[in-house]
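Structure first, then comments.
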2 protein chains.
Amino acid sequence: MDKRQITLKDIAKELKLSPSTVSRALRNHPAISKETKELVRDYAVKHKYKPNTLALQLRTNRNNTIGVIVPEIVHYFFSTVIAGIQDEAEKENYNLIICQSNENYGREVKSVETLLDARVRGILASQSKSTEEFSHFQDIIDNGTHLVFFDRICTGINTDKVVIDDYAGAYNAVDYLIRSGCTRIAFLGSNPHLPIANNRRMGYEDALRNHNISVDKALIQVCDTIELAREIVPVMLKIAPAPDAFFCINDEVASYCLQICKSAGYKIPQDISVCGFTNSYITEMTDPTLTSVDQHGFEMGKAAARLLINRIKGIEKKTGIVSKVIKTKLVVRNSTRN
Amino acid sequence: MDKRQITLKDIAKELKLSPSTVSRALRNHPAISKETKELVRDYAVKHKYKPNTLALQLRTNRNNTIGVIVPEIVHYFFSTVIAGIQDEAEKENYNLIICQSNENYGREVKSVETLLDARVRGILASQSKSTEEFSHFQDIIDNGTHLVFFDRICTGINTDKVVIDDYAGAYNAVDYLIRSGCTRIAFLGSNPHLPIANNRRMGYEDALRNHNISVDKALIQVCDTIELAREIVPVMLKIAPAPDAFFCINDEVASYCLQICKSAGYKIPQDISVCGFTNSYITEMTDPTLTSVDQHGFEMGKAAARLLINRIKGIEKKTGIVSKVIKTKLVVRNSTRN
DNA sequence: ATGAAAGCGCTAACAC
DNA sequence: GTGTTAGCGCTTTCAT
């Protein structure tokens with residue numbers, strides 16, 4: 001192991017040329033003669049010369065790395081976003097350093113440090129649920145590094161972002177539930193200081209109001225994990241009159257909710273409709289299959305990466321902040337009435 | 001944007017010292033006086049000096065990056081492995097560059113190129129299903145870069161690897177199915193040139209033989225995607241006598257298999273038992289919940305990263321190849337009889 | 001206890 | 001058309 005890579009200098013010495021000539025030949029500089037170019041190139045190919053990225057980067061004082069901070073990697077939505085980011089970054093020869101915060105504020109702060117130490121060109125971030133203090137994100141900007149938030153944006157920081165239309169996604173789903181005859185629709189949400197959770201709740205409430213259904217606080221709960229679902233759903237089923245629909249913040253909660261309702265003797269969707277959010281592959285694995293709001297994570301990843309790269313390259317002209325919205329789509333399956 | 005970071009030289013000039021003194025002060029060199037050290041350090045902290053990683057790396061001609069090649073990122077098992085790798089790499093301050101091959105040979109080759117161009121210290125790889133030619137992996141080793149395979153190892157290359165005990169995992173699962181009364185057990189497998197698929201099949205066959213059940217080729221099929229499951233499971237159900245159990249190569253196939261059997265009127269697990277492989281979260285979302293073989297992806301990721309890092313650091317003494325095996329565990333749920 | 005100089009691999013201004 | 005030199009930020013002999 002640790003074989004030394006061949007360098008420009010090695011080639012120069014071997015070919016009795018100067019390093020600069022070799023450099024120019026390889027980069028197809030017009031001033032170099034055809035013969036020299038061929039000579040150099042043949043030698044380079046033959047000896048598998050690879051330019052030392054590190055040296056290039058040191059000279060230009062910039063690397064081609066993008067940092068990504070997600071709450072979790074083992075997560076359908078976020079892994080989908082990462083795939084989208086990767087797809088777009090690869091096209092432009094950017095590498096990715098991926099950090100996960102594990103929904104933990106401290107690890108999020110540390111991830112930012114790691115990425116800044118690595119001198120990434122820019123950072124794509126989705127904040128953890130437990131983050132309520134934002135100076136680490138401000139540090140990124142103060143450091144002169146580009147920052148784009150996606151999905152779980154941070155309202156305290158003034159920078160580019162890519163989000164889905166959470167309000168409309170929720171509104172449309174709840175509207176659909178109402179039109180199918182549901183009137184007691186529960187909302188299993190998340191921490192309201194997350195804009196995604198708050199916007200969906202507003203969409204939910206407005207859909208109810210527009211159909212002259214009053215908002216019942218008892219039907220609105222923070223319930224964004226399967227553990228909470230196990231606890232909260234049975235309690236909600238005991239409310240009189242019982243809910244005839246659950247609109248859930250993610251597919252995992254929806255899936256558990258569905259199971260719990262079934263175990264309690266309710267027929268899905270005849271007695272109770274259940275709707276998830278994300279449209280992950282588990283929507284096809286539940287029984288009945290799960291109606292869900294598609295978040296288009298891949299598109300979001302691509303859009304966020306695109307925006308960041310445009311900022312890095314200075315292509316994005318807009319001087320103020322850019323806010324991109326990805327449209328959601330309700331995918332109706334069998335867990336909701338028609 | 002693009003604010004210049006403060007450098008050693010800047011500090012030196014400001015403090016009227018030489019760069020070397022500043023460097024030594026920061027690195028706590030014994031020859032530097034206490035006063036100078038404090039002076040320099042205070043200044044560094046105050047001005048948020050960060051050593052330029054690129055320069056360090058250029059000097060030592062080595063970066064602290066590990067490359068990872070997986071078939072897919074949006075995949076429970078692989079994302080879990082990545083999380084494990086990340087966990088271990090982070091401890092030692094290694095960054096990750098993640099590439100996905102999308103089960104495509106060409107992209108796998110390109111991923112290797114990308115990682116070698118980035119001069120990663122080592123590569124962790126799980127090969128794509130379509131790979132039948134291995135010279136790109138040999139290039140990694142020839143290039144002097146460490147290589148560790150995990151899960152989908154490449155038998156054509158002589159290097160370190162981390163696998164699960166596929167044979168034992170399959171044997172135990174099938175043994176369990178037989179003990180619960182099943183005798184017509186189908187195997188929904190994968191391409192036999194993948195060792196994981198072949199080993200599981202051998203475990204399956206040996207379990208049958210040890211119980212004096214003959215191996216019926218009609219009950220063995222390559223069926224490793226949901227698309228194939230939709231096609232193949234209905235056909236297998238028409239075989240007479242019909243299978244009374246399905247042992248599946250992954251949880252997605254198992255989940256679909258379960259649904260198809262239910263739709264065909266079979267009771268699960270009374271008529272047909274279904275067992276998956278991976279033990280992903282979908283095992284809790286199917287109805288009934290899915291018995292599955294836990295692959296311990298997180299542990300595998302940690303073990304693979306550990307092995308690679310030990311090789312990089314020269315800690316791993318063994319000169320031959322190291323083969324680490326992660327033990328699987330059958331997790332019994334409600335899709336199999338007792 | 002501190003400084004000067006060289007060098008990691010590469011490129012670009014400036015020779016000739 | 002090609003060579004010389006300097007410099008990116010850092011560390012490390014070798015001086016003093």
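Naming convention: chains lettered A, B, ... in sequence-line order (proteins, then strands); numbering from 1 in each chain.
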Tell me: [atom1] of [X] to [atom2] of [N], nearest whole Å?
| X | N | atom1 | atom2 | result |
| --- | --- | --- | --- | --- |
| A/L8 | D/dC8 | CG | C1' | 16 Å |
| B/L54 | C/dT11 | CG | P | 14 Å |
| A/Q57 | D/dC8 | CD | P | 17 Å |
| A/D10 | C/dC10 | CG | C1' | 13 Å |
| B/K13 | D/dC10 | NZ | P | 13 Å |
| B/L39 | C/dA1 | CG | C1' | 14 Å |
| B/L58 | D/dG7 | CG | P | 17 Å |
| B/Y49 | D/dG9 | OH | C1' | 7 Å |

Go through C/dT11, D/dT11, C/dC10 for me and flag the one nearest to the A/R27 side chain. C/dT11

Side chain of B/N52 only, heavy atoms from C-beta on: which candidate in C/dG9, D/dG9, C/dT11 is closest? D/dG9

What does the list of N/O pairs under 3.5 Å between the protein and nucleotides 1-5 of chain D look like, with a distance for each?
| residue | atom | partner | partner atom | Å |
| --- | --- | --- | --- | --- |
| D/dG1 | O5' | A/A31 | O | 3.3 |
| D/dT2 | OP1 | A/T36 | OG1 | 2.8 |
| D/dT2 | OP2 | A/S33 | N | 3.1 |
| D/dT2 | OP2 | A/S33 | OG | 3.3 |
| D/dT2 | OP2 | A/T36 | OG1 | 3.0 |
| D/dG3 | OP2 | A/S18 | N | 2.9 |
| D/dG3 | OP2 | A/S18 | OG | 3.3 |
| D/dG3 | OP2 | A/T21 | OG1 | 2.6 |
| D/dG3 | N7 | A/R24 | NH2 | 2.8 |
| D/dG3 | O6 | A/R24 | NH1 | 3.1 |
| D/dG3 | O6 | A/R24 | NH2 | 2.7 |
| D/dT4 | O4 | A/S20 | OG | 3.0 |

In the structure I gave you, are the side-chain heavy atoms of B/Q100 and B/F78 within less than 4.5 Å of one another anywhere? no

Validation row: B/T159, B/V148 side chains within 4.5 angstrom (heavy atoms): no

Check for a donor-acceptor pair, side chain of A/S111 on one end and backbone N or O of A/R107 on the other, with a separation under 3.5 Å. yes

All side chain to side chain contact (heavy atoms under 4.5 Å, CB included) counterparts of A/L15, not counting sequence neighbours: A/I11, A/L17, A/L39, A/V40, A/Y43

Is there a side-chain polar atom (N or O) of B/S23 under 4.0 Å from OP1 or OP2 of D/dT11? yes

Enumerate the side chain to side chain donor-acceptor pair (under 3.5 Å) contacts for residues 71-87 of chain B, please, sequence neighbours excluded, ordered by first and then second residue. B/D87-B/K302

Is the number of heavy atoms from other residues, nucleotides or ligands under 6.0 Å of A/K13 NZ greater than 12?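 12 or below, so no.
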
Would you say the side chains of B/E103 and B/S130 form a donor-acceptor pair under 3.5 Å?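 Side chains of B/E103 and B/S130: no pair found under 3.5 Å.
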
